[in-house]
Amino acid sequence: MAKWRKDIEDNEKKMSCNKDCLNCEKEYCTNVYSEKSLYKNRSEEQKQYQRDYHKRKREEAKAKGYCCVCCKRKATHGSKCYECYIRQKRYDRAKYDHRRELWKEKGLCYMCGAVPLPGKKTCKKHYAILINNLENLLNAKKAKMAQRKFVEESQRMVWK
């Protein structure tokens, strides 16, 4: 390997720490964000201008029928394109799953975070919903069994 190529590779290793860090200990890390580009260090006028600009851009995209998030593709799911809709759905699901795990660890209702019934994992409201769902499931199974029985009997009568 050429000496100049090795020097370039060594410099690249020094410059990047393969982390998504804001305050890296390496002096020339390529992942470090410049202080000027950080939103929190902008003046209030600059922040307001950015808010107004993005709001205006979203409104224009909505008026033209484009996605309000990326402003590139046609909106097919409300005001979002399919890709942005799926991305938001995944984010919401992960956020809810994390919240649900925290509620389970604390011994709260895993559906809403309320105080559960004694000896149960859900609150009174969700316990009633679960019981109702089980009853509906049993009724549906009974209805399917009755329907199958009716079909079998009707087939027997046809062939007699």
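Worth knowing before you read on, the calculation uses all heavy atoms, side chains too, and leaves out hydrogens, waters and symmetry mates. Residue numbers count from 1 along this sequence.
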Nearest atoms (heavy-atom pairs only) where [X] meets [Y]:
X	Y	answer
Cys123	Val115	CB-O, 3.7 Å
His126	Cys109	ND1-SG, 3.7 Å
Tyr96	Tyr110	OH-O, 4.0 Å
Leu108	Gly113	CD1-O, 3.4 Å

Quiz item: Can you tell me how far the CG atom of Leu137 sits from the NZ atom of Lys141, to the nearest 0.5 Å?
Solution: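 Rounded to the nearest 0.5 Å, the CG-NZ separation comes out at 5.0 Å.
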
Kindly give the cluster partners of [X], where membership spreads through any ILVMFWY side chain lying under 4.5 Å from a current member.
X	value
Tyr85	Tyr82, Ile86
Ile131	Leu117, Tyr127
Tyr91	none

Quiz item: Can Ile129 and Met111 be said to form a side chain to side chain contact (heavy atoms under 4.5 Å, CB included), step by step?
Solution: CA-CA 11 Å; Ile129 291 171; Met111 292 185 174; over 6 Å; no

Quiz item: Got a donor-acceptor contact below 3.5 angstrom from the Asn139 side chain to the Glu135 backbone?
Solution: yes

Determine all donor-acceptor pairs shorter than 3.5 Å in which one atom belongs to a side chain in residues 53-73; sequence neighbours excluded.
unit_1	atom_1	unit_2	atom_2	d
Arg73	NE	Glu83	OE1	3.0

Quiz item: Who pairs with Glu44 by salt bridge (charged side-chain N to carboxylate O under 4.0 Å, His left out), at least two apart in sequence or on another chain?
Solution: Arg51

Quiz prompt | Sequence neighbours excluded - salt bridge (charged side-chain N to carboxylate O under 4.0 Å, His left out) pairs with any residue from residues 89-101 | solution = none

